[in-house]
Student: 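Here it is, the structure, as structure tokens.
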Amino acid sequence: MYSLIRSLLFRLDPETSHDLALRLLALTSRFSNTRKPVQAQAEHDQSLPLMGIRFPNPIGLAAGLDKQGTARDIFRRLGFGFVEIGTVTPEPQPGNPKPRMFRLEEHQALINRMGFNSVGLEQFKKNLAATSGNIVTGINIGKNATTPINESIGDYLTCLREVYTLADYIAINISSPNTEGLRQLQDRELLDTLLASLNREREHLSDKTGNRKPLAIKVAPDLDHSQVNAIAALIRSHSIDGIIATNTTVSRPGVENHPRQPSTQIIKLLHDNLQDEIPIIGVGGIHSPESALEKFEAGARLIQLYTGLIYQGPALVKRILDATGKIHRP
Ligand SMILES: Cc1cc2nc3c(=O)[nH]c(=O)nc-3n(C[C@H](O)[C@H](O)[C@H](O)COP(=O)(O)O)c2cc1C
């Protein structure tokens with residue numbers, strides 16, 4: 001069934017078919033009984049307590065697919081244990097000129113040059129309010145393209161305050177390659193300042209609301225050993241609760257030859273450093289139960305899908321749950 005839908009969708013340009021599929025999913029979720037998740041979820045309920053959250057299963061939707069927060073309800077029915085929506089920026093912005101999403105069908109890959117097209121916080125919150133929120137939800141936050149990098153902390157703090165009560169966890173995106181200078185935030189000094197401010201604000205919001213929300217940071221695959229170690233040390237010292245590894249690569253050969261190797265490598269390095277102290281969410285090149293297992297074996301406790309879902313369809317979620325259900329430690 002999905003191969004038929006896919007062959008129809010793949011006749012359109014990637015962004016048009018993405019928007020159409022998402023609109024159909026959002027519509028389906030509005031008219032379907034969202035209280036009844038697919039069988040897979042009930043069967044594989046592992047109730048993983050990680051970052052203080054009980055995840056019904058370890059497979060999540062990666063950020064960037066439901067950027068504007070319109071369709072999250074449907075993903076529970078598709079078997080996902082959680083979704084990450086966004087990246088949302090404080091103000092609306094159009095992102096890069098089109099075309100900015102490309103398929104490399106022979107490599108089952110997607111090239112992402114979107115550049116944070118975002119409806120902005122105000123509309124994003126309205127979109128979320130129109131969904132039932134029946135699924136564990138991470139909200140991925142970023143900065144506007146026009147905000148200079150040395151002033152970007154303000155954008156992240158604004159996003160954190162605005163989405164705090166709406167999210168189960170907040171993902172800090174410092175690794176998208178399509179916003180100029182963004183990945184500099186992974187450098188030790190800038191990251192130290194950013195994480196210190198975010199943690200301080202989180203403590204303040206936690207006192208105010210009586211609810212401490214976990215923070216996770218999302219890192220790039222194109223990091224060397226010493227950068228990974230520096231990031232791990234900062235995660236520890238600033239009480240960050242999780243790490244998402246990894247975002248889109250900037251290395252074209254990385255996409256064409258071994259799409260999942262760079263992210264798995266980063267997961268291993270992070271896990272060598274952090275062990276199971278801070279959970280790692282593994283993402284990048286998961287197209288099969290085997291590639292999902294590689295992520296768990298490298299040290300990921302949760303995983304996320306994007307490109308694999310586009311090429312394989314939602315059946316991939318159940319296939320992974322069937323194959324990996326046994327290996328999870330509560
Ligand atoms: C078209 C597209 C848009 C994306 N947008 C975002 C985004 O807004 N924020 C983000 O953190 N990651 C974004 N990503 C990165 C994915 O969340 C994921 O980290 C990456 O694609 C690797 O996973 P995959 O191999 O399963 O696709 C995007 C990826 C794609 C292909």
Side-chain angles (χ1 to χ4, degrees), residues 13-19 21-22 59-69 75 80 82-89 93-96 98-104 107-120 124 138-145 156 159 169-179 182-183 185-186 216-222 242-251 254-264 266-267 280-288 291-292 294-295 300 302-313 316-317 320:
D13 84 87
E15 192 167 343
T16 311
S17 76
H18 172 276
D19 290 348
L22 208 62
I59 306 182
L61 179 77
L65 203 143
D66 187 7
K67 271 185 200 278
Q68 321 301 358
F75 294 102
F80 284 95
F82 66 109
V83 291
E84 192 171 303
I85 55 179
T87 299
V88 61
T89 57
Q93 63 175 31
N96 290 331
K98 293 179 186 176
R100 54 196 180 172
M101 193 197 283
F102 308 88
R103 287 187 206 106
L104 293 179
H107 301 289
Q108 296 223 344
L110 289 175
I111 305 275
N112 155 31
R113 295 201 191 116
M114 302 296 285
F116 290 171
N117 50 311
S118 173
V119 291
F124 183 84
I139 299 184
N140 181 307
I141 61 175
K143 72 167 207 66
N144 279 115
Y156 286 95
C159 288
Y169 72 88
I170 295 113
I172 302 146
N173 185 356
I174 48 169
S175 50
S176 281
N178 304 304
T179 296
L182 190 86
R183 287 170 310 132
L185 292 172
Q186 296 176 120
I217 66 169
K218 184 162 179 182
V219 299
D222 316 292
I243 179 153
I244 305 160
T246 64
N247 213 313
T248 305
T249 181
V250 286
S251 140
V255 173
E256 290 177 352
N257 300 328
H258 304 288
R260 64 181 185 258
Q261 260 186 18
S263 93
T264 309
I266 299 286
I267 294 169
I280 300 167
I281 304 178
V283 49
I286 303 175
H287 287 265
S288 62
S291 46
E294 275 176 28
K295 294 284 190 270
L302 302 164
I303 56 169
Q304 292 177 331
L305 313 176
Y306 190 132
T307 307
L309 181 67
I310 305 295
Y311 282 93
Q312 312 288 323
L316 178 62
V317 179
I320 296 175

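Remember, it's 1-based here, ligands and their atoms both numbered in the order they're listed. Bear in mind the structure is a predicted one, so any value in this text is a computation, not a measurement.
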Student: Side chains of L65 and I310, heavy atoms from C-beta outward: is any pair under 4.5 Å?
Tutor: yes
Student: Can you list the atoms of ligand 1 that are under 4.0 Å from a heavy atom of K67?
Tutor: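 Contacts of ligand 1 toward K67, numbered from 1: 5 (N), 6 (C), 7 (C), 8 (O).
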Student: Would you find a donor on one side and an acceptor on the other, under 3.5 Å apart, between the side chain of S118 and the backbone of T89?
Tutor: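 A pair under 3.5 Å: yes.
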Student: Assess, by modelled atom type and distance only, whether the side chains of K143 and T179 contain a donor and an acceptor separated by less than 3.5 Å.
Tutor: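 T179 and K143 do not have a side-chain donor-acceptor pair below 3.5 Å.
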Student: For A145, is there any backbone N or O sitting under 3.5 Å from a side-chain donor or acceptor partner on Q93?
Tutor: yes
Student: Look at atom 3 (C) of ligand 1 and find which of N112, N117, N247 reaches it with the closest heavy atom.
Tutor: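 When every heavy atom of N112, N117, N247 is considered, N112 comes closest to atom 3 (C) of ligand 1.
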Student: F82: what forms a ring pair (Phe, Tyr, Trp, His ring centres under 6.0 Å) with it, not counting sequence neighbours?
Tutor: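 Per chain and number, F82 pairs via ring pair (Phe, Tyr, Trp, His ring centres under 6.0 Å) with F55.
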Student: Provide the number and element of each atom of ligand 1 under 4.0 Å from a heavy atom of G64.
Tutor: 4 (C), 5 (N), 6 (C), 7 (C), 8 (O)
Student: Using distance alone, decide if ligand 1 has a nitrogen or oxygen within less than 3.5 Å of any nitrogen or oxygen in Y306.
Tutor: yes
Student: Looking at residues at least two apart in the chain, or sitting in another chain, which of them share a side-chain contact (heavy atoms from CB on, under 4.5 Å) with S175?
Tutor: N173, Q186, K218, A220, N247
Student: For N140, is at least one N or O under 3.5 Å away from an N or O on ligand 1?
Tutor: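 Among all N and O atoms of N140, at least one is under 3.5 Å from an N or O of ligand 1.
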Student: Which ligand 1 atoms are under 4.0 Å away from a heavy-atom of T248?
Tutor: 14 (N), 15 (C), 29 (C)
Student: Please confirm whether the backbone N or O of N112 pairs with a side-chain atom of N178, one donor and one acceptor, at under 3.5 Å?
Tutor: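 Indeed, once roles are kept as given, a pair shorter than 3.5 Å links the two residues.
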Student: Where on K218 is there a heavy atom closer than 4.0 Å to ligand 1, on the side chain, on the backbone, on both, or on neither?
Tutor: side chain
Student: Can you find an N/O atom of G308 closer than 3.5 Å to an N/O atom of ligand 1?
Tutor: no
Student: Out of all atoms in ligand 1, which are within 4.0 Å of some heavy atom of T246? Include the element for each.
Tutor: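 This gives 19 (O) as the contact atoms.
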Student: Please list, in number order, the atoms of ligand 1 under 4.0 Å from a heavy atom of G285.
Tutor: 24 (P), 25 (O), 26 (O)
Student: Going by atom types alone, do R113 and T248 pair a side-chain donor with an acceptor below 3.5 Å?
Tutor: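 No.
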Student: So if I count the atoms of ligand 1 from 1 in the order they appear, which ones are less than 4.0 Å from some heavy atom of N173?
Tutor: 9 (N), 10 (C), 11 (O)
